[in-house]
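Predicted model only: the values in this text are computed from it and were never measured.
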Amino acid sequence: MAKKLFVSNSEESSRMFKNDFLESLTKIHYAVPLVFWIPVIIYFIWKALVPGELSGGKVFLYFVYGLAFWTLAEYVLHRWVFHFEPKSKFGQRVHFIFHGVHHDFPKDRLRLVMPLSASIPMAAIIYFIFYLFFQEYTLAAFFAGFLVGYLIYDESHYAMHHANFKSGLFKKIKDHHMLHHYQDPEHGFGVSSYLWDVIFNSGFAKNKTRKDSNKLKNVENGETN
């Protein structure tokens with residue numbers, strides 16, 4: 001019998017912690033990252049332009065550089081960090097909290113974007129790693145682009161699971177991500193884009209995508225697995 005790829009397609013949230021406070025840290029409305037991170041992005045752009053006195057062209061260049069770098073970071077994090085399977089019970093619990101729960105309950109509306117309890121410390125760590133390689137004000141422009149990439153990823157991820165795209169690029173990206181969830185979780189690690197899946201040859205064959213895309217709607221609705 002084929003391995004079951006999800007536990008439930010319910011949009012409701014399963015409980016992860018007995019403690020109510022810890023439980024609240026695992027849930028977030030999809031709009032919260034926009035409300036929190038957009039002012040941060042604006043601050044970094046202002047920092048590069050005003051205190052940093054960088055030209056608009058240079059800020060734009062580093063911004064685009066950061067945005068492009070996010071696409072690789074997204075792929076690396078999803079493939080080699082979120083899909084790393086520890087052997088210890090503690091490691092397995094941590095893995096479940098960070099990503100396993102999403103594969104078990106892929107349509108859970110409150111666990112499709114990263115909660116601030118995880119994204120803020122991760123962003124701080126990544127910022128200080130970047131600080132080793134950039135000057136302060138060029139980093140501000142770069143990190144603004146990086147954060148925009150993250151927001152695109154987060155909001156796209158929610159849309160992939162809950163928006164009904166009829167055609168075009170977003171329909172292709174959604175089909176790509178749904179194949180990852182409902183057919184083969186060892187392929188298709190790009191979420192907001194499948195560019196790096198093409199580069200690293202970890203995507204799905206075109207004939208498979210075409211053949212299976214029509215079945216995905218039924219699978220998403222839990223009619224088959």
Side-chain angles (χ1 to χ4, degrees), residues 11 13 21 23-78 81-82 97-99 101-102 106-165 168-170 173-174 177 189-196:
E11 296 182 4
S13 296
F21 175 70
E23 178 69 9
S24 70
L25 295 179
T26 70
K27 299 178 182 179
I28 186 172
H29 187 273
Y30 72 89
V32 172
L34 295 172
V35 173
F36 181 85
W37 289 109
I38 286 177
V40 176
I41 292 165
I42 293 171
Y43 164 75
F44 277 118
I45 294 174
W46 169 86
K47 182 177 180 180
L49 287 170
V50 182
E53 298 182 341
L54 299 181
S55 68
K58 193 168 186 178
V59 170
F60 178 76
L61 180 65
Y62 276 95
F63 180 93
V64 172
Y65 182 20
L67 180 61
F69 191 82
W70 164 260
T71 65
L72 176 60
E74 172 192 310
Y75 179 88
V76 169
L77 284 170
H78 190 189
V81 178
F82 294 159
I97 292 170
F98 272 89
H99 196 62
V101 66
H102 174 51
K107 296 189 76 173
D108 181 341
R109 284 187 175 271
L110 296 179
R111 293 198 177 105
L112 280 172
V113 299
M114 190 175 294
L116 297 181
S117 58
S119 64
I120 293 174
M122 284 184 66
I125 292 169
I126 292 170
Y127 178 86
F128 285 110
I129 291 174
F130 287 156
Y131 198 81
L132 299 174
F133 302 96
F134 291 89
Q135 294 181 344
E136 180 178 1
Y137 298 116
T138 53
L139 174 57
F142 175 89
F143 203 62
F146 187 83
L147 288 176
V148 166
Y150 159 69
L151 281 183
I152 292 172
Y153 152 78
D154 239 1
E155 301 307 314
S156 294
H157 188 214
Y158 187 90
M160 294 307 111
H161 285 272
H162 286 287
N164 185 20
F165 300 108
L169 178 62
F170 281 106
I173 295 175
K174 172 168 180 164
H177 190 56
F189 298 100
V191 178
S192 59
S193 156
Y194 46 79
L195 169 66
W196 293 101

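For the pairing with Phe44, the ring pair (Phe, Tyr, Trp, His ring centres under 6.0 Å) check across Phe130, Tyr127, Tyr137 returns one residue only, Tyr127.
A search for ring-ring contact (aromatic ring centres under 6.0 Å, His included) contacts involving Phe63 returns nothing, not counting sequence neighbours. Judged as a ring-ring contact (aromatic ring centres under 6.0 Å, His included), and not counting sequence neighbours, Phe36 has no contacts. Scored by the side chain to side chain donor-acceptor pair (under 3.5 Å) test, Ser13 finds Asp108 as partners (sequence neighbours excluded). In terms of the salt bridge (Lys or Arg N to Asp or Glu O under 4.0 Å) criterion, residue partners of Lys27 (sequence neighbours excluded) are, by chain and number, Glu23. Among residues two or more places apart in sequence or in another chain, the side chain to side chain donor-acceptor pair (under 3.5 Å) test is passed with Tyr75 by Arg79, Ser202. Taking the ring-ring contact (aromatic ring centres under 6.0 Å, His included) definition, one finds that Phe134 meets it with Phe142, sequence neighbours left out.
The aromatic rings of His102 and His177 sit parallel to each other, their planes meeting at less than 30°, with 60° as the upper class boundary. The aromatic rings of Phe69 and Phe146 lie tilted to each other, with the angle between the two planes from 30° to 60°.
Within a 6.0 Å sphere centred on CZ of Phe82, heavy atoms belonging to other residues, nucleotides or ligands number more than 12. Atom CZ of Phe170 has 12 or fewer neighbouring heavy atoms from other residues, nucleotides or ligands inside a 6.0 Å radius.
Neither side chain, Asp154 nor Tyr158, offers a donor N or O lying under 3.5 Å from an acceptor on the other.
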